[in-house]
Amino acid sequence: MLLKKFIVFEGIDGAGTSTQIKKLCSRDSKKFIATAEPTDRATGRFLRQMLAGDFSVDERTSAYLFAADRCEHLYGDGGVEELLKAGRIVVSDRYFFSSLAYQSATCGKEIPRLVNSPFPLPEVLFYFEINPEISLQRVVTRNEKREIYEKIEYQKKTAALYEEVIREYEDNSEGMKVIRIDATKSIEEISEFIYNTLINLKIIR
């Protein structure tokens, strides 16, 4: 199943997805609406505490928790499904592709693939390609508390798994458009590329 007008931005930490979502949604706040995973719901707040290192859970538990939050993101009150029915274009910072990379790096591929298999595909997936060393340097310059996954060896492993996942969906996307972005380009260049791509795909008119 594919969700029309649902757009997902993916990439390792520091790739620039959040910046570009803000840029895109600022073009027309009545048309676009931004969401993110983990969400700002109770399930997502719990996950953000875990990511901050406030407590730890087994990595298999983590995979189930991310899937539970994703279910709320899609189907909970005011979630993606409801927003799409209201005529909005929903732009999400991360979706299940991130679980197939991040969680697979720690607990293996089986559980992340199993628990995320029921979720529908977005109409468009923008994948931000960047060297992990460059992206992590961006994270460092934010002067914010680092999350538990923001370590170079983990990011390298995640980037390799992301590439694996993206190639898989490029070969068998079931109608989903997979667009690669050179995340080292300027913010304005990337912003214009994304907007023009959505026009060309007739997501926006």
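Throughout, numbering of the chain's residues begins at 1 and tracks the sequence.
- Using a 4.5 Å heavy-atom cutoff, the side chains of L125 and K177 are not in contact.
- The distance from the CD atom of E72 to the CD atom of E37 is 11.5 Å, given to the nearest 0.5 Å.
- Heavy-atom neighbours of K31 NZ from other residues, nucleotides or ligands within 6.0 Å: above the threshold of 12.
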Expected list for residues 190-197: side-chain donor-acceptor pairs under 3.5 angstrom, two or more places apart:
{"unit_1": "S191", "atom_1": "OG", "unit_2": "R27", "atom_2": "NH2", "d": "3.4"}
{"unit_1": "E192", "atom_1": "OE2", "unit_2": "R27", "atom_2": "NH2", "d": "2.8"}
{"unit_1": "N196", "atom_1": "ND2", "unit_2": "E192", "atom_2": "O", "d": "3.1"}
{"unit_1": "T197", "atom_1": "OG1", "unit_2": "F193", "atom_2": "O", "d": "2.7"}

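- In this structure, the side chains of F96 and Q103 stay at 4.5 Å or more apart for every pair of heavy atoms.
- Atom CZ of R88 is separated from atom SG of C25 by 8.5 Å, given to the nearest 0.5 angstrom.
- Contact of the I21 side chain with the S92 side chain is not registered, since no non-hydrogen atoms from C-beta on lie closer than 4.5 Å.
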Applying side-chain contact (heavy atoms from CB on, under 4.5 Å), run through L3 and L84 and close with a yes or a no. CA-CA 8 Å; L3 289 181; L84 293 172; 4.1 Å; yes

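- Remark: side-chain polar atoms of D69 are paired, donor with acceptor, to backbone N or O of T39 under 3.5 angstrom.
- The local environment of CZ in R60 is sparse, with at most 12 non-hydrogen atoms from other residues, nucleotides or ligands closer than 6.0 Å.
- The ring-ring contact (aromatic ring centres under 6.0 Å, His included) search around F46 returns F55, not counting sequence neighbours.
- With sequence neighbours left out, D93 forms a side-chain hydrogen bond (donor to acceptor under 3.5 Å, both in side chains) with T17, S18.
- Within the 4.5 Å cutoff, side-chain heavy atoms of V124 are placed close to those of I203.
- Taking S26 as the reference, nothing meets the side-chain hydrogen bond (donor to acceptor under 3.5 Å, both in side chains) condition, with sequence neighbours excluded.
- There is a path of hydrophobic side-chain contacts, each under 4.5 Å, that joins Y102 to V8.
- Hydrophobic clustering places L74 together with L121 (ILVMFWY residues linked when any side-chain heavy atoms are closer than 4.5 Å, directly or through intermediates).
- Checked by atom type, the side-chain pair Y64/D58 shows no donor-acceptor distance below 3.5 Å.
- Neither I181 nor M176 shares a network with the other; the hydrophobic side chains, linked directly or stepwise wherever heavy atoms of I, L, V, M, F, W or Y lie under 4.5 Å apart, form separate groups for each.
- Contact check for I12 versus P132: side-chain heavy atoms found under the 4.5 Å cut-off.
- Residue pairs meeting the ring pair (Phe, Tyr, Trp, His ring centres under 6.0 Å) criterion with at least one partner in residues 8-43, sequence neighbours excluded, are F9-F126, F9-F128.
- Contact detail for K157 and A105: the closest heavy-atom pair is NZ-O, 2.9 Å.
- By the side chain to side chain contact (heavy atoms under 4.5 Å, CB included) test, R180 is found to be paired with Y127, E129, E163, I166, R167, E170, residues two or more places apart in sequence or in another chain being considered.
- Within 6.0 Å of atom CD1 in I187, 12 or fewer heavy atoms from other residues, nucleotides or ligands are found, so the atom counts as exposed in its surroundings.
- The OG atom of S99 lies 10.5 Å from the CG atom of L65; values are rounded to the nearest 0.5 Å.
- Residues D182 and I130 fail the side-chain proximity criterion, which asks for heavy atoms closer than 4.5 Å.
- The shortest distance between side-chain heavy atoms of T35 and D40 does not fall below 4.5 Å.
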Apply side-chain contact (heavy atoms from CB on, under 4.5 Å) to I33 and V91, showing your working. CA-CA 6 Å; I33 186 164; V91 190; over 6 Å; no

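- Scored by the side chain to side chain contact (heavy atoms under 4.5 Å, CB included) test, E82 finds no partners at all (sequence neighbours excluded).
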In residues 111-119, what donor-acceptor pairs under 3.5 Å come from side-chain atoms, sequence neighbours left out?
{"unit_1": "R113", "atom_1": "NH1", "unit_2": "E168", "atom_2": "OE1", "d": "3.3"}
{"unit_1": "R113", "atom_1": "NH1", "unit_2": "E168", "atom_2": "OE2", "d": "3.2"}
{"unit_1": "R113", "atom_1": "NH2", "unit_2": "E168", "atom_2": "OE1", "d": "2.9"}
{"unit_1": "N116", "atom_1": "OD1", "unit_2": "R70", "atom_2": "NH1", "d": "2.6"}
{"unit_1": "N116", "atom_1": "ND2", "unit_2": "P112", "atom_2": "O", "d": "2.7"}
{"unit_1": "S117", "atom_1": "OG", "unit_2": "L114", "atom_2": "O", "d": "2.8"}

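- Taking 4.5 Å as the limit, every side-chain heavy atom of I7 sits out of range of all side-chain heavy atoms of P122.
- A search for side chain to side chain contact (heavy atoms under 4.5 Å, CB included) contacts involving D77 returns nothing, not counting sequence neighbours.
- Residue T106 holds its OG1 atom at 3.5 Å from CD of E59, rounded to the nearest 0.5 Å.
- Linking Ile, Leu, Val, Met, Phe, Trp and Tyr whenever their side-chain heavy atoms come within less than 4.5 Å leaves L201 and V178 in two separate clusters.
- For the salt bridge (Lys or Arg N to Asp or Glu O under 4.0 Å) condition, no pair includes a residue of residues 194-205, sequence neighbours left out.
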Between F97 and Y169, does a ring-ring contact (aromatic ring centres under 6.0 Å, His included) hold up when you go through it step by step? CA-CA 10 Å; F97 309 98; Y169 279 94; 5.2 Å; yes

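- Scanning for side-chain hydrogen bond (donor to acceptor under 3.5 Å, both in side chains) contacts around K185 gives an empty result, with sequence neighbours left out.
- Residues Y95 and F6 bring their aromatic ring centres within 6.0 Å.
- L2 and L100 fall within the same hydrophobic cluster, where Ile, Leu, Val, Met, Phe, Trp and Tyr residues are linked whenever their side-chain heavy atoms come under 4.5 Å apart, directly or through other members.
- With sequence neighbours excluded, the residues forming a side chain to side chain contact (heavy atoms under 4.5 Å, CB included) with E188 are K23, S186, listed by chain and number.
- Atom CZ of R41 is separated from atom CG of L47 by 13.0 Å, given to the nearest 0.5 angstrom.
- The NZ atom of K5 sits 14.5 Å away from atom CG of L83, with the distance rounded to the nearest 0.5 Å.
- When atom types are taken as modelled, the side chain of S98 and the backbone of R94 share no donor-acceptor pair closer than 3.5 angstrom.
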